[in-house]
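Worksheet: one structure, shown below.
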There are 2 protein chains.
Amino acid sequence: MATGSIQTTHSNGSDDVDVPDVVVERLPLYVRVLTALAASGIDMVSSEQLGDQLHMTPAQIRKDLSYFGRFGKQGRGYNVAALVNKLKAILGLDRSWNACIVGMGRLGRAIASYPGFAPEGFKIVAAFDTDQSLIGTSVDNLPVRSLSHIRQAVQEDDIAIGIVAVPAVAAQSVIDALVDAGIGAILNYAPVTAHTPDHVKIKNIDPVMSLQSMTYYLKS
Amino acid sequence: MATGSIQTTHSNGSDDVDVPDVVVERLPLYVRVLTALAASGIDMVSSEQLGDQLHMTPAQIRKDLSYFGRFGKQGRGYNVAALVNKLKAILGLDRSWNACIVGMGRLGRAIASYPGFAPEGFKIVAAFDTDQSLIGTSVDNLPVRSLSHIRQAVQEDDIAIGIVAVPAVAAQSVIDALVDAGIGAILNYAPVTAHTPDHVKIKNIDPVMSLQSMTYYLKS
DNA sequence: AGTAGTGTGTGCCTTATATCACAATCGGGA
DNA sequence: TCCCGATTGTGATATAAGGCACACACTACT
């Protein structure tokens with residue numbers, strides 16, 4: 001089916017040695033802690049100190065970092081400012097990214113108004129819906145447009161990320177439309193197991209599912 | 001441990017402590033798909049069909065289920081209605097659970113108004129904050145109370161789940177208070193790596209971190 | 001300049017998770 | 001009744017992730 005060559009297409013410049021996804025998913029955690037340390041004036045940190053903060057073993061932190069280079073100094077640890085910059089560059093967080101929201105119902109509007117994205121460099125530059133009564137309205141100065149304009153908007157506004165906040169039944173078709181429009185990553189709030197081609201990353205935000213797995217440990 | 005020594009851990013539903021967390025986390029996924037299948041009138045399903053829907057291998061589904069019992073019939077597959085009921089019972093979803101929200105700022109109010117929890121049996125029965133200007137107000141008929149009342153409320157209202165929607169700096173102390181009040185599970189929306197004792201489960205909802213790991217794959 | 005102390009980077013081993021593959025079982029039809 | 005196609009449940013195996021432990025590098029102090 002959609003098998004194609006997946007890994008071979010990455011720019012093999014310097015650090016592309018097939019880094020496990022789990023490792024990539026931990027990097028933002030490191031960025032966050034290091035940023036906090038920097039803000040409190042600390043300029044060197046050891047893997048052991050980081051491990052204490054994050055509740056993981058020092059070895060795991062060192063090994064994770066070693067996928068990308070040698071950032072520490074023996075006997076001293078890591079320079080906080082230098083490491084946070086390196087990690088941000090690795091993650092592509094040394095620039096800003098444009099995103100759009102699809103679905104401007106209650107949830108979509110809450111996401112659009114959420115003040116946590118902008119400070120981290122994620123700018124929501126467009127909003128879409130299929131409901132005629134919403135199209136034309138604005139949320140936080142963001143005009144809601146028809147979903148049919150999405151392809152054009154993605155290209156014109158250089159939108160790399162799509163945020164999906166539509167009902168479950170509509171989610172897969174919206175996701176298909178985003179993929180078709182040339183989006184690179186999707187943050188999906190709809191409670192569905194959505195499918196994307198290999199070149200489009202997708203992550204799900206699903207509080208209900210999180211609750212549903214925790215109750216397993218509650219029944220006693 | 002040579003021949004067919006029984007060793008079966010199939011005590012059917014009680015606390016088999018040897019079920020991996022990853023397996024438990026997949027169960028709600030199965031519940032969701034099975035529920036949808038039931039709603040569309042399908043009454044038998046094979047692990048292969050489930051695997052197609054969920055994009056995973058049939059073997060994994062069968063093995064996951066085998067941790068909890070033998071629910072299928074050879075040559076036929078699984079009875080959808082029976083399996084969904086079994087899984088719900090295993091997860092503790094055959095009853096409802098009371099939750100409280102701590103932090104009734106913008107995010108907390110959005111969570112309180114989210115209509116997706118109640119249909120799945122999660123009832124938000126209390127809301128707390130430390131901000132005097134919020135205490136006494138109501139959100140969707142839910143009065144906001146002082147955080148100092150939390151211990152009492154947890155016991156009186158049989159609250160098992162705490163939802164944390166406070167700023168990062170306050171999160172750990174709020175979580176400590178919830179643990180101290182006797183809560184069993186925490187859904188944390190604050191962008192921190194929080195710590196709980198082993199008997200209290202915690203799961204984080206962090207859209208920004210999800211975005212930050214996806215950008216790794218976007219940088220071309 | 002030598003030495004003691006500290007903490008990295010990484011080869012190797014352990015543990016966890018996923019997949020394979022096949023005997024056992026079921027239901028239906030001849 | 002017996003056989004056939006289908007599909008489970010699970011031991012065995014493969015793969016992935018995590019952690020240990022130590023040589024090596026760096027700093028500071030004498």
Side-chain angles (χ1 to χ4, degrees), chain A residues 3 6-7 14-15 17-27 29-30 34 37 42-80 82-84 86-87 90 213, chain B residues 1-13 16-27 29-30 34 37 42-80 82-83 86-87 90 213:
Chain A
T3 322
I6 309 159
Q7 301 286 13
S14 45
D15 55 353
V17 197
D18 196 32
V19 181
D21 283 6
V22 276
V23 173
V24 173
E25 281 167 12
R26 281 192 292 264
L27 297 186
L29 222 52
Y30 301 156
L34 290 165
L37 289 173
I42 293 169
D43 62 340
M44 292 296 284
V45 70
S46 68
S47 59
E48 184 164 6
Q49 292 173 297
L50 285 174
D52 287 348
Q53 294 251 340
L54 292 165
H55 309 116
M56 44 198 292
T57 65
Q60 177 157 70
I61 292 168
R62 293 200 301 274
K63 183 160 262 189
D64 282 357
L65 296 178
S66 77
Y67 279 103
F68 305 98
R70 307 161 70 125
F71 306 119
K73 280 188 187 163
Q74 280 103 330
R76 300 271 79 196
Y78 301 89
N79 179 298
V80 175
L83 183 55
V84 77
K86 276 286 189 181
L87 291 179
I90 289 164
S213 60
Chain B
M1 53 186 75
T3 22
S5 58
I6 312 299
Q7 191 252 345
T8 49
T9 42
H10 287 153
S11 49
N12 199 16
D16 291 350
V17 190
D18 56 328
V19 180
D21 283 7
V22 275
V23 173
V24 173
E25 281 167 12
R26 280 192 291 263
L27 297 186
L29 222 51
Y30 302 156
L34 289 165
L37 289 172
I42 294 170
D43 62 341
M44 291 296 284
V45 70
S46 69
S47 59
E48 183 164 6
Q49 292 172 297
L50 285 174
D52 286 348
Q53 294 252 341
L54 292 165
H55 310 115
M56 45 198 291
T57 65
Q60 178 157 71
I61 292 167
R62 293 200 301 274
K63 183 153 263 190
D64 282 358
L65 296 178
S66 78
Y67 280 103
F68 305 98
R70 308 161 69 124
F71 307 119
K73 279 188 187 164
Q74 281 103 328
R76 299 270 82 195
Y78 301 89
N79 179 298
V80 174
L83 183 53
K86 277 284 189 181
L87 292 179
I90 289 163
S213 60

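All chains are named by letter (A, B, ...) in the order of the sequence lines, taking the proteins before the strands, and each is independently numbered beginning at 1.
Helix bend of the helix from C/dA1-D/dT30 to C/dA30-D/dT1: the angle between its two end axes, each built from five pairs, comes to 0° after rounding to 10°.
Under 4.0 angstrom from either OP1 or OP2 of D/dT7 there lies no side-chain N or O belonging to B/Lys73. Contact between the side-chain N/O atoms of B/Arg76 and the OP1/OP2 oxygens of C/dT25 is not found at any separation under 4.0 Å.
The nearest pair of heavy atoms linking A/Leu87 to A/Tyr30 is CD1-CB, 3.8 Å.
As rounded to whole Å, 6 Å separates atom C1' of D/dG9 from atom CZ of B/Arg70. A/Phe68 places its CZ atom 15 Å from the C1' atom of C/dG9, with the value rounded to the nearest Å. Spacing between atom CG of B/Asp64 and atom P of D/dT8 amounts to 13 Å, rounded to whole angstrom units. Between the P atom of C/dT19 and the CG atom of B/Leu65 lies a distance of 15 Å, rounded to the nearest Å. When rounded to the nearest whole Å, the span between CD of B/Gln74 and P of C/dC26 equals 6 Å. What separates CD of B/Glu25 from P of C/dA18 is a distance of 10 Å, to the nearest Å. Here C/dT15 presents its C1' atom at 15 Å from CG of B/Asp18, a figure rounded to the nearest Å. Atom OH of A/Tyr67 and atom C1' of C/dG9 are 13 Å apart (whole Å).
Between the side chain of B/Gln49 and the backbone N or O of B/Ser46, at least one donor-acceptor pair lies under 3.5 Å.
Side-chain proximity of A/Tyr78 to D/dG18, C/dT8, D/dT7: nearest is C/dT8. Listed candidates were D/dC24, D/dT7, D/dG18. Nearest to the side chain of A/Val22 is D/dG18. Closest contact between the side chain of B/Lys63 and the listed nucleotides D/dG11, C/dT8, D/dT8 involves D/dG11. Taking every side-chain heavy atom of A/Arg26 into account, D/dG18 is the closest of D/dG18, C/dT8, D/dC26.
Contact annotation: the side chain of B/Asn79 approaches that of B/Met44 to within less than 4.5 Å [non-hydrogen atoms, C-beta and beyond]. Side-chain contact between B/Leu50 and B/Leu37 is present, with at least one heavy-atom pair separated by less than 4.5 Å. Side-chain contact between B/Val24 and B/Ile90 is absent, with no heavy atoms from C-beta onward closer than 4.5 Å.
Summarising the geometry, atom CG belonging to B/Leu29 is positioned 10.0 Å from atom CG belonging to B/Leu34; distances are rounded to the nearest 0.5 Å. Rounded to the nearest 0.5 angstrom, A/Met56 CE and A/Asp64 CG are separated by 5.5 Å. Distance check: A/Arg62 CZ to A/Glu48 CD gives 9.0 Å after rounding to the nearest 0.5 Å. Atom NZ of A/Lys86 is separated from atom CG of A/Leu83 by 10.0 Å, given to the nearest 0.5 angstrom.
Heavy-atom distances under 4.0 Å link DNA chain D to A/Thr57, A/Ala59, A/Gln60, A/Arg62 of residues 52-62 of chain A, given in residue order.
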